[in-house]
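Structure, as structure tokens:
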Amino acid sequence: MAESKYWLFKSEPTAYSFADLMGEQGRTSEWDGVRNYQARNFLRDEVEEGDKVLFYHSSAKPTAVVGTAVVVRSGYPDDTAWDPNSDHPDPKSTPEKPIWYMVDIKGEAELPHPVTLAQIKATPALQEMSIFKRPRVSIHPVVKEEWDIILGMGGA
DNA sequence: GCCAACGTTGGC
DNA sequence: GCCAACGTTGGC
């Protein structure tokens with residue numbers, strides 16, 4: 001395995017929250033339903049088993065990083081794309097020619113204190129985070145320094 | 001609930 | 001292959 005990398009995964013907690021992940025069998029879930037090419041490219045090509053994940057609640061009160069997770073399966077085709085009964089079918093993607101990819105993640109720990117977007121914006125060392133450069137993408141790379149700062153702010 | 005940002009679609 | 005229209009994300 002290559003050296004672990006760091007990521008931030010966004011989710012709307014009304015759709016799927018960190019508590020939902022922690023309540024899963026084995027605290028593990030597929031991260032399916034990504035239908036954005038930039039995020040897909042990360043999932044397919046770069047997110048690897050062992051990588052660490054910041055779990056971020058978007059459109060929440062407040063919007064914040066709430067916990068950490070670890071990737072337990074590298075990218076593989078998202079089979080919900082060709083399931084017409086899934087929440088996010090895409091008939092253009094097929095088992096023979098998959099368009100969309102997912103990974104499996106396992107919840108690790110809830111942060112003692114959620115790190116809010118407002119706090120991140122107020123922290124000079126976090127101004128270069130990818131989340132500010134590419135809005136509307138649900139998967140973002142995080143550098144180790146950012147990871148360490150956010151975990152420190154979260155009391156982990 | 002509003003609306004800005006921006007990715008995606010589709011007409012030409 | 002351009003670009004206007006449209007749809008979605010996501011902060012506020």
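Lettering follows sequence order; numbering is per chain, from 1.
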Should A:Val71 and A:Tyr6 be regarded as members of a common hydrophobic cluster, given that ILVMFWY residues are connected when their side-chain heavy atoms come within less than 4.5 Å of each other, either directly or indirectly?
no

Measure the shortest side-chain to side-chain distance between A:Val65 and A:Ile120 over non-hydrogen atoms and say whether it is less than 4.5 angstrom.
yes

Other than A:Ile99, what residues sit in its cluster of Ile, Leu, Val, Met, Phe, Trp and Tyr side chains whose heavy atoms are under 4.5 Å apart, directly or through others?
A:Tyr37, A:Trp100

Beyond-backbone contact of A:Glu30 with A:Tyr76, side-chain heavy atoms, under 4.5 angstrom:
yes

With a sphere of 6.0 Å drawn around CD of A:Glu128, does it hold more than 12 non-hydrogen atoms of other residues, nucleotides or ligands?
no

Using the rule that Ile, Leu, Val, Met, Phe, Trp and Tyr join whenever any side-chain heavy atoms are under 4.5 Å apart, tell me whether A:Val47 and A:Val142 fall into a single cluster.
no

Members of residues 131-142 of chain A that approach DNA chain C, where some heavy atom sits under 4.0 Å away
A:Arg136, A:Val137

From OH (A:Tyr16) to CG (A:Asp32), nearest 0.5 Å
9.0 Å

How about CD on A:Glu110, more than 12 heavy atoms from neighbouring residues, nucleotides or ligands closer than 6.0 Å, or not?
no

A:Glu46 and A:Ile139: side chain to side chain contact (heavy atoms under 4.5 Å, CB included), yes or no, with the steps?
CA-CA 11 Å; A:Glu46 299 194 46; A:Ile139 308 273; over 6 Å; no

Relative to each other, are the rings of A:Phe55 and A:Trp31 parallel, tilted or perpendicular (30° and 60° limits)?
perpendicular

Contact residues, residues 58-69 of chain A to DNA chain B [heavy atom, < 4.0 Å]:
none

Which pairs count as salt bridge (charged side-chain N to carboxylate O under 4.0 Å, His left out) when at least one residue sits in residues 72-89 of chain A, sequence neighbours excluded?
A:Arg35-A:Asp78

Residues A:Gly33 and A:Thr80: closest non-hydrogen pair is N-OG1, 4.2 Å

With a 4.0 angstrom cut-off to heavy atoms of chain A, pull out the first and last contacting nucleotide of DNA chain C, in 5'-to-3' order.
C:dG7 to C:dC12

Using a strict heavy-atom distance below 4.0 Å, which residues from residues 14-21 of chain A are in contact with DNA chain B?
none

